[in-house]
K.L.:
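First, the structure itself, so that you have it in front of you.
It should be emphasised that the depicted structure is a prediction, and the values quoted were computed from it without experimental measurement.
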Amino acid sequence: MIDNLSLPELVAQMFVVRASGCLFDHQIRYPEWEPTASKLRYYLENLGVGGVIFVGGSGAELAVRSHQLQSWAKFPLLLAADIEEGVGQRFGGATWFGPPMAIAEVARQDAGKADRYAEQMGAVTAIEARAIGLNWILAPVVDVNNNPDNPVINVRAFGETPEIVGKLAAAFIRGAGEHPVLTTAKHFPGHGDTAVDSHLELPVLPHSPARLTEVELPPFVEAIAAGADAVMSAHLLIPAWDAEFPATLSRKILIGKLREELGFEGLIVTDALVMGAIANKYGANEAAVLAAEAGADVLLMPLDPEGAIQAVCEAVTQGRLFIAQIKASVKRIWEAKIKVGLSISDPPQPPLAKGGSKNLELIESIDLSLLANPQARATAADILRDSLKFGGNLPLQVPKPPENQVLRNLIVVDDVLGCEFLGNHTPAIALPQQFGYKLQLIDDRTGTIADNAGAELFSPTLLQIFIRGNCFRGSAGLTQAAQDLFKKLLKTGELQAVLIYGSPYVLEQFLPHLPPSIPYVFCFGQMPLAQSLALEVLFGIDATGNS
């Protein structure tokens, strides 16, 4: 059937566009990246793009959304999401695991248990992905996070050494591989030892070939051996291998290293082409052409899908790209689609009739009862509980403050407006309130501490800090607001206890300055479940608030 497709149809199959997981246009949160329903339908029905990557919405919404998009599509779609921490990380109602580094912490004490956790996490993620219509998991991360200042990988990694990362990533792939979904090892050849966020700028990995072979590559070797269906490229420059082009645009790296040296035969997918590391220098459409020339099969998240498709087609007609290479990529893409149960019809049929009954049966097999079942939720809780770090005088004895003072629950976050894991109902706010704490919530935009602390009204203070590496933030460390608050509370003697959610490197910054009597609890997760578990340890209660 590939030989019967026009050049634009072939090229369109290489593109995966981004879309909101919500059903209605007025729910779109990122209009620059997420097209309206009419535009998205045009991409799928008229252009025939090969897949969609989702962000946002609930699991139930996405189940309907995936049905909708498959019904619009000219060809059956790969439907993907960055669900490195389970489906619930992106889509409400599903199981949300702690970040992979939590399992690496478990491995320090019990390697066998950590291996089982990683495999269970992969299986649950695959089951729940299929339950809502997804067939492509853009996980696991197999970067070795051996740079504490890494602003974007951070706790997304399975650890700090190639041995533990390779072992746990392979276990995740084995667990997911028991189900009809695609897995993705990312970000090749390794984004862990960088201090620059590639969403904003182009990082440089200055290491020698020997060092790259020793540290960065082994986890990818293990992931490939475990059956990873795809490998995602990293937007970073590696002068030892290619001094001109970043890995995503480097044929020396994608073909020379990944295909020829490592023997990978699956899908090579780019990281998002809208990211600053690529888009700022090369432009959206030229980046797509260069990535295809380099050997990428799937071109992820172009800013202008129609323009990028046209640019790649022009590169073929101009002789920059060979049609045989395009067909080879489409063949891999269709083999992947067949693997996850999609039916490729010959010839193409109109959208409402295409693919016979098999694709419709797959869509109708969506089962929301598979989301967040008790066993999956228990596993997520066990991983977070087994990876907790704590110390000081626990449990915290809550004092009764003098009449002119108020107990303060001081919560520090990166961005208040982006905190979907916090609300009046969530444990970080609701549980301290039961003990008489008054909430104060600040972020790095709040202003100076002197303007906002209101020190004369508060004492003592429970300090809760939510900080981890996040895309587009450019830093994974303590914000200035958090640093200033910590120093001030220590100086005034108001600091009663500290809870840190997210990066263990932030805990390491605090511990040398924290008096041994002051209790602290650290949890890798930030979601409500993580808050419950951390506060249980702090107050010596269960999640319901009982003693």
Side-chain angles (χ1 to χ4, degrees), residues 1-17 44 47-53 66 69-70 73-81 122 126 129-130 133-140 173-174 176-186 188 220 223-233 254-255 258-260 262-270 291-292 294-300 309 312 316 321-349 354-359 361-363 365:
M1 181 178 170
I2 289 175
D3 291 332
N4 296 330
L5 300 187
S6 67
L7 177 59
E9 287 176 325
L10 284 167
V11 171
Q13 280 292 290
M14 298 174 66
F15 282 87
V16 170
V17 299
L44 304 183
L47 301 184
V49 299
V52 176
I53 177 174
S66 61
L69 268 54
Q70 292 285 17
K74 190 174 188 177
F75 303 102
L77 298 168
L78 290 176
L79 299 179
R130 286 307 305 236
L134 297 174
N135 50 33
W136 192 358
I137 298 171
L138 298 179
I173 291 168
R174 287 197 307 272
E178 296 297 317
H179 308 276
V181 297
L182 305 179
T183 54
T184 310
K186 61 187 190 184
F188 186 82
F220 286 94
I224 292 168
D229 301 286
V231 170
M232 180 181 287
S233 65
L254 298 189
I255 299 299
L258 183 53
R259 287 268 187 245
E260 295 176 356
L262 300 191
F264 180 62
E265 298 179 352
L267 290 176
I268 298 178
V269 55
T270 70
D297 301 306
V298 178
L299 308 173
L300 182 66
I309 291 169
V312 175
V316 174
L321 272 165
F322 293 110
I323 188 66
Q325 180 180 330
I326 300 296
K327 288 185 176 181
S329 290
V330 175
K331 183 174 184 290
R332 292 188 193 97
I333 292 165
W334 281 12
E335 287 172 345
K337 290 183 176 183
I338 291 169
K339 177 178 179 178
V340 298
L342 296 173
S343 176
I344 306 295
S345 61
D346 184 12
Q349 301 295 317
K354 60 119 181 66
S357 63
K358 187 172 183 183
N359 293 319
E361 288 171 0
L362 283 169
I363 294 168
S365 69

K.L.:
Specify the closest pair of heavy atoms between L299 and A291, including all atoms of both residues, with the distance to one decimal.
P.N.:
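Answer, listing the atom of L299 first, then A291: CD2-CB, 3.7 Å.
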K.L.:
Taking C-beta and beyond as the side chain, do L267 and D229 meet within less than 4.5 Å on heavy atoms?
P.N.:
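A side-chain contact is absent here, since even the closest heavy-atom pair is not under 4.5 Å.
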K.L.:
Find the distance between CG (L7) and CG (L321) and round it off to the nearest 0.5 Å.
P.N.:
9.5 Å
K.L.:
Supply the atom-to-atom distance N4 CG to L10 CG, rounded to the nearest 0.5 angstrom.
P.N.:
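Rounded to the nearest 0.5 Å, the CG-CG separation comes out at 10.0 Å.
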K.L.:
Regarding K339 and E335, does a basic nitrogen lie under 4.0 Å from an acidic carboxylate oxygen?
P.N.:
no
K.L.:
Hey, can you tell me if F220 and F188 have their rings parallel, tilted or perpendicular (30° and 60° cut-offs)?
P.N.:
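If you compare the ring of F220 with that of F188, the planes turn out perpendicular.
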K.L.:
Take V17 and I53 through the test side-chain contact (heavy atoms from CB on, under 4.5 Å) and record every step on the way to the result.
P.N.:
CA-CA 6 Å; V17 299; I53 177 174; over 6 Å; no
K.L.:
To the nearest 0.5 Å, how far apart are CG in D297 and OG1 in T270?
P.N.:
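That separation rounds to 10.5 Å.
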K.L.:
Are there over 12 heavy-atom neighbours, none belonging to K327, within less than 6.0 Å of that residue's NZ?
P.N.:
yes
K.L.:
Check whether any side-chain heavy atom of Q13 lies under 4.5 Å from a side-chain heavy atom of I2, and answer yes or no.
P.N.:
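Not in contact.
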K.L.:
Within this structure, what is the CD-CD1 distance for the pair E260 and I255, rounded to the nearest 0.5 Å?
P.N.:
7.0 Å
K.L.:
Counting C-beta onward and ignoring hydrogens, is there a side-chain heavy-atom pair between V231 and T184 closer than 4.5 Å?
P.N.:
no
K.L.:
Does E9 use its side chain to pair, donor to acceptor, with the backbone of S6 at less than 3.5 Å?
P.N.:
yes
K.L.:
How far does CG of L138 sit from NZ of K186, to the nearest 0.5 angstrom?
P.N.:
5.5 Å
K.L.:
Any side-chain heavy atom of V298 sitting closer than 4.5 Å to one from L78?
P.N.:
no
K.L.:
Less than 4.5 Å apart, any side-chain heavy atom of I268 and any of R332?
P.N.:
no
K.L.:
How close do I137 and A129 get, counting heavy atoms only, and between which atoms?
P.N.:
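In terms of heavy atoms, the two residues are closest at CG1-CB, 4.4 Å.
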K.L.:
Using side-chain heavy atoms (C-beta onward) and a distance below 4.5 Å, is V16 in contact with V269?
P.N.:
no
K.L.:
First locate atom CG of L77, then atom CG of L134, and finally report the distance between them rounded to the nearest 0.5 Å.
P.N.:
11.5 Å
K.L.:
Might you point out which heavy atoms bring A223 and A185 nearest each other, and give the distance in Å?
P.N.:
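Closest heavy-atom pair between A223 and A185: CB-CB, 3.8 Å.
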K.L.:
Between R130 (side chain) and V181 (backbone), is there a donor-acceptor pair under 3.5 Å?
P.N.:
no
K.L.:
So which atom in S66 and which in G133 form the shortest heavy-atom distance, rounded to 0.1 Å?
P.N.:
OG-CA, 3.5 Å
K.L.:
Which pair of heavy atoms, one from W136 and one from A230, lies closest together, and at what distance?
P.N.:
CZ2-CB, 3.9 Å
K.L.:
Using every non-hydrogen atom in the two residues, find where A176 and T183 come nearest and quote the distance to one decimal.
P.N.:
CB-CG2, 3.6 Å
K.L.:
Does atom CD of E178 have more than 12 heavy-atom neighbours from other groups under 6.0 Å away?
P.N.:
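Not more than 12 within 6.0 Å, no.
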K.L.:
For I224 and E265: C-alpha separation, side-chain torsions, deciding distance, then whether side-chain contact (heavy atoms from CB on, under 4.5 Å) applies.
P.N.:
CA-CA 9 Å; I224 292 168; E265 298 179 352; over 6 Å; no
